[in-house]
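None of the values given here were measured: they were computed from a predicted structure. Throughout, protein chains are lettered first and strands after them, A, B, ... in sequence-line order, and every chain is numbered starting at 1.
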Number of protein chains: 2
Amino acid sequence: MSQPSPAPATVAGRALEHPARERIRLDQVLQALADPLRLSVLHKLAAAGPGAELSCSDLDLPVSKSTSTHHFRVLREAGLIQQVYRGTAKMNALRRDDLEVLFPGLLEAVLAAAARERLR
Amino acid sequence: MSQPSPAPATVAGRALEHPARERIRLDQVLQALADPLRLSVLHKLAAAGPGAELSCSDLDLPVSKSTSTHHFRVLREAGLIQQVYRGTAKMNALRRDDLEVLFPGLLEAVLAAAARERLR
DNA sequence: CCCATCATACGAGCACCGTCGAACTTTGAT
DNA sequence: ATCAAAGTTCGACGGTGCTCGTATGATGGG
């Protein structure tokens, strides 16, 4: 039953818990969005193009590593990003499709709003 | 004791502080949205039609009066709602236009997302 | 094999948030 | 003038969130 990892070939690391699409909760998503640091992570991921993968250190947050880990976990558990181990690095990607199916236009609107505010 | 309140001519009550459109901050908006209770307030206001005014008690939140006051203030200070005294009641209305100018599609997307999740 | 690198876990501190009850103010009606 | 209704203010309490430092674990290269 609970032995689902017959070594997924692609990646050697430990598994990371992601909420299935149907389990993504709006409250959690909004909560995750309501932090400037996390918003900046989403912006950078979006700006890197669709399907782009950036490592945690690539994103270069102005906080300690433990704090960084904390924010990435919040984003992952809210269902906003997908994380995958690649060597010693952990790669992050936006869950654009899942979010678009669940809450059409939401991510776009928020990112656009952030971009717009940046230009004031 | 301090202020005899020189009668603002428009309406009998004293004035309430609202952020001007240009002073509305996205972080504050998202923070305000990230609470189920406040989200439900916005939903009810939106459902009441454009320009609709509902009193605080009309919205009938499942919390004490002081808590209710707190949430309405958060919404007002974030720039999401406009409040006006009308007799003993305080009327609330969505700031649709201002929000649409600042962050096009954002409010719609959030409300639609909430509605969609309600149907799961 | 050892080590540097990337990230996690844990505990702690601190601030903020959501909640309440009680006392008060303002307004309109009896 | 008195009273009831609608909100506000205040202080308090508990929970949660953001932050850090230190110690720990996994990975890949020399």
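Spacing between atom CD of B:Q83 and atom P of D:dA6 amounts to 16 Å, rounded to whole angstrom units. One atom, NZ of B:K65, and another, C1' of D:dC10, lie 17 Å apart when rounded to the nearest Å. Atom C1' of nucleotide C:dA7 and atom CG of A:D58 are separated by 13 Å, given to the nearest angstrom. The nearest whole Å value for the distance from the CG atom in A:L61 to the C1' atom in D:dC18 is 13 Å. Following rounding to the nearest Å, B:Y85 (OH) and C:dT25 (P) show an atom-to-atom distance of 14 Å. One can place CD of A:E77 at 11 Å from P of D:dG17, the figure rounded to the nearest angstrom. One can place CG of B:L54 at 15 Å from P of D:dA6, the figure rounded to the nearest angstrom. Straight-line distance from the CE atom of B:M91 to the P atom of C:dT27: 16 Å, rounded to whole Å.
Mapping A:T88 and A:V63 onto DNA chain D via the closest heavy atom, the residue that lands nearer the 5' end is A:V63.
B:H70 has no side-chain polar atom (N or O) that falls below the 4.0 Å cut-off from OP1 or OP2 of D:dG7. Between A:R86 and the phosphate of D:dG28, there is no side-chain N or O to OP1/OP2 separation shorter than 4.0 Å. For A:T67, a side-chain nitrogen or oxygen approaches OP1 or OP2 of D:dC20 to under 4.0 Å.
Note that CZ of B:R96 is 12.0 Å distant from CG of B:L80, once rounded to the nearest 0.5 Å. The distance from the CZ atom of B:R120 to the CZ atom of A:R25 is 8.0 Å, given to the nearest 0.5 Å. Atom CG of B:L61 is separated from atom SG of B:C56 by 8.0 Å, given to the nearest 0.5 angstrom. Put simply, CD1 on A:I24 and CZ on A:F103 are 7.0 Å apart, with the number rounded to the nearest 0.5 Å. Going from atom CG of B:L54 over to atom CG of B:L59 covers 5.0 Å, rounded to the nearest 0.5 Å.
Among the atoms of the strands shown, only primed sugar atoms or phosphate atoms (P, OP1, OP2) are found under 4.0 Å from some heavy atom of B:S55. Among the protein residues, B:T69 comes within range of the nucleic acid bases, having at least one heavy atom under 4.0 Å from a base atom.
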Apply the test side-chain contact (heavy atoms from CB on, under 4.5 Å) to residues B:L75 and B:L42: give CA-CA distance (whole Å), side-chain angles for both, the deciding distance (0.1 Å), then the verdict. CA-CA 9 Å; B:L75 288 172; B:L42 298 182; 4.1 Å; yes
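No hydrogens or angles were tested; on distance alone, nothing pairs the side chain of B:S66 with the base of D:dG7 as donor and acceptor under 3.5 Å.
Listed by residue number, there are no residues of residues 25-40 of chain B with a heavy-atom contact under 4.0 Å to DNA chain D.
Between D:dG7, C:dA7, C:dG21, one nucleotide has an atom nearer to the side chain of B:C56 than all others, and that is D:dG7. Comparing C:dA9, D:dT9, C:dC6 by their closest approach to the side chain of B:R73 singles out D:dT9.
Contact detail for A:R38 and A:A32: the closest heavy-atom pair is NE-O, 2.8 Å.
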